[in-house]
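Heads up: the structure comes next, in structure tokens.
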Amino acid sequence: MINFDEFLDKLDNADHKERLAELFVWIDREFPQLEKKIGWNQPMYTDHGTYIIGFSASKKHLAVAPERAGLRQFEKEIEEAQYDTTKEILRIKWTQPVDYDLLKSMIQFNIEDKADYTTFWRK
């Protein structure tokens with residue numbers, strides 16, 4: 001099983017590293033069936049070979065990438081959480097709390113929506 005320690009070790013900020021480590025432990029506990037992968041130097045979770053969610057870290061925020069469909073499905077909740085978005089990611093500032101209920105909903109949506117997918121990405 002892959003762990004994300006190498007990714008976390010590359011982060012300079014100890015607080016950011018701790019928050020991400022807690023997030024990964026939470027995902028592992030909530031969704032033990034998901035597989036961990038490192039792709040494009042970023043940690044991600046997959047299910048039966050299809051992408052579910054990925055993460056990256058910058059100086060100012062944690063980026064969460066549930067694919068465009070995962071963002072569109074939760075536009076209202078993302079706005080309520082006051083997270084910034086692009087077409088493909090949402091940004092959680094390091095000063096903001098992680099909305100675990102929202103993340104759980106996004107992950108569950110992708111698992112269910114992609115249950116019959118045989119490709120990595122949505123087409």
Side-chain angles (χ1 to χ4, degrees):
M1 178 199 252
I2 292 177
N3 65 45
F4 294 149
D5 291 343
E6 284 185 37
F7 173 80
L8 292 170
D9 288 342
K10 293 177 185 177
L11 300 178
D12 293 331
N13 186 304
D15 291 334
H16 299 174
K17 185 185 298 191
E18 183 178 338
R19 284 188 74 187
L20 270 171
E22 289 172 5
L23 175 64
F24 297 149
V25 167
W26 176 83
I27 293 172
D28 293 343
R29 186 178 61 245
E30 291 291 322
F31 300 97
Q33 77 277 21
L34 295 182
E35 298 175 44
K36 292 179 171 181
K37 291 190 178 278
I38 298 288
W40 301 274
N41 296 315
Q42 304 301 323
M44 63 181 65
Y45 288 85
T46 64
D47 187 31
H48 67 277
T50 190
Y51 178 88
I52 299 299
I53 197 163
F55 302 90
S56 62
S58 75
K59 192 176 263 189
K60 295 183 180 182
H61 64 266
L62 162 64
V64 180
E67 284 189 287
R68 191 174 296 168
L71 288 175
R72 277 188 266 153
Q73 183 72 21
F74 298 97
E75 287 175 346
K76 181 182 174 205
E77 294 87 345
I78 292 168
E79 186 177 324
E80 288 172 359
Q82 299 181 344
Y83 296 149
D84 296 325
T85 61
T86 68
K87 287 183 187 178
E88 299 289 337
I89 65 170
L90 68 90
R91 294 184 188 112
I92 303 172
K93 294 176 187 169
W94 293 114
T95 57
Q96 293 177 298
V98 173
D99 184 335
Y100 282 97
D101 290 335
L102 174 58
L103 282 180
K104 186 173 186 173
S105 295
M106 288 179 159
I107 293 168
Q108 192 63 47
F109 168 77
N110 276 344
I111 290 170
E112 292 170 9
D113 189 58
K114 297 181 82 177
D116 296 327
Y117 271 67
T118 57
T119 58
F120 191 71
W121 303 108
R122 282 182 174 91
K123 292 189 179 197

Checklist entry - Can a salt bridge be assigned to the pair Lys59 and Asp12 using a cut-off of 4.0 Å between side-chain N and carboxylate O? => result no
Checklist entry - To the nearest 0.5 Å, what is the distance between CG (Leu103) and CD (Glu30)? => result 11.0 Å
Item to check | Asp113/Arg122 ion pair, N-O < 4.0 Å | outcome: yes
Checklist entry - Which atom names give the shortest non-hydrogen contact between Leu34 and Asp47, and what distance separates them? => result CD2-CB, 3.7 Å
Next on the checklist: Looking at Gln96 and Lys93, would you say the former's side chain and the latter's main chain have a donor-acceptor pair under 3.5 Å?
Outcome noted: yes
Checklist entry - Of all heavy-atom pairs between Leu20 and Leu8, which one has the smallest distance, and what is that distance? => result CB-CD2, 3.6 Å
Next on the checklist: Ring centres under 6.0 Å, that's the criterion: do Phe74 and Tyr83 meet it?
Outcome noted: no
Checklist entry - Does the ring of Tyr45 carry Lys36 above it, NZ/CZ under 6.0 angstrom from centre and within 45° of its axis? => result no
Checklist entry - Minimum heavy-atom separation for Pro43 to Phe24, with atom names? => result CG-CZ, 3.6 Å
Checklist outcome for this item: Looking only at heavy atoms, the pair that brings Leu62 and Leu23 closest together is CD2-CD2, 4.0 Å
Item to check | Least distance between heavy atoms, Ile89 atom then Ala65 atom | outcome: CG2-CB, 3.7 Å
Item to check | For the student: nearest non-hydrogen atoms of Gln42 and Ser56, plus distance | outcome: OE1-CB, 2.8 Å
Item to check | Any donor-acceptor pair under 3.5 Å from Glu67 side chain to Ile53 backbone | outcome: no
Checklist entry - Do the two ring centres, one from His16 and one from Trp94, sit under 6.0 Å apart? => result yes
Checklist entry - Hey, are Thr50 and Lys114 close enough side-chain-wise for a donor-acceptor pair under 3.5 Å? => result yes
